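Being a predicted model, the structure only gives us computed values, none of them experimental.
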Amino acid sequence: MGQRSQDEPRFRGLRSSRLVTESWEVMYPEQENVPHKIFGGYLIRRAFELSSICCELAAPDRPIVVAVNRINFLQPVRMGDKLHYTSRVVLHQ
């Protein structure tokens, strides 16, 4: 079942456009690595946790990560910063 089947008027399944999870978090000193900067591994773990929760909306039987191509940190995250994580299921054809 692909994207096109979701466009059919009689489609009754889960629409991929609705498979989104979000989370907000304020950075505190316990996540600090270098003075006033947050440890990148912590950020990756939080993103992974949210993506796992999102995956379970479509595949409830313990989804697993098969590959991660690249993770880029464009700027440092500092104590007191507010992070907004968004995870979305995307159909690949």
Side-chain angles (χ1 to χ4, degrees):
M1 179 175 352
Q3 180 87 30
R4 291 185 191 140
S5 63
Q6 292 188 26
D7 294 333
E8 297 295 322
R10 295 183 181 184
F11 179 76
R12 297 286 180 250
L14 267 168
R15 296 189 185 280
S16 61
S17 63
R18 302 189 85 177
L19 301 177
V20 177
T21 54
E22 296 183 62
S23 176
W24 283 91
E25 183 174 10
V26 176
M27 296 294 99
Y28 290 104
E30 36 294 353
Q31 290 101 23
E32 184 180 28
N33 185 26
V34 180
H36 307 291
K37 294 181 185 164
I38 305 304
F39 178 56
Y42 175 80
L43 301 172
I44 293 168
R45 190 191 93 215
R46 295 292 292 145
F48 171 78
E49 289 170 349
L50 187 66
S51 67
S52 292
I53 290 168
C54 190
C55 285
E56 289 174 2
L57 296 173
D61 295 327
R62 194 171 179 256
I64 60 170
V65 173
V66 175
V68 175
N69 186 22
R70 170 182 273 168
I71 297 172
N72 292 328
F73 292 98
L74 302 178
Q75 62 188 43
V77 176
R78 302 182 188 285
M79 283 193 313
D81 284 353
K82 295 178 195 107
L83 295 184
H84 180 215
Y85 299 91
T86 302
S87 181
R88 179 179 325 271
V89 172
V90 177
L91 291 178
H92 178 70
Q93 295 183 5

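- Hydrophobic side-chain contacts under 4.5 Å tie I53 to no other Ile, Leu, Val, Met, Phe, Trp or Tyr residue.
- Both I71 and L83 are assigned to one and the same hydrophobic cluster, defined by single-linkage of ILVMFWY side chains at heavy-atom distances under 4.5 Å.
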Sequence neighbours excluded and cut-off under 3.5 Å, please list the side-chain donor-acceptor pairs for residues 37-50, or say none.
from: Y42; atom 1: OH; to: E25; atom 2: OE2; distance (Å): 2.2
from: Y42; atom 1: OH; to: Q31; atom 2: NE2; distance (Å): 3.4
from: R45; atom 1: NE; to: E49; atom 2: OE2; distance (Å): 2.9
from: R46; atom 1: NE; to: E25; atom 2: OE1; distance (Å): 3.0
from: R46; atom 1: NH1; to: E49; atom 2: OE1; distance (Å): 2.8

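- The minimum heavy-atom distance between S51 and S87, with the atom names listed, is CA-OG, 3.3 Å.
- Residue F73 places its CZ atom among more than 12 non-hydrogen atoms of other residues, nucleotides or ligands, all under 6.0 Å distant.
- Screening residues 77-86 for side chain to side chain donor-acceptor pair (under 3.5 Å), with sequence neighbours left out, gives E22-H84.
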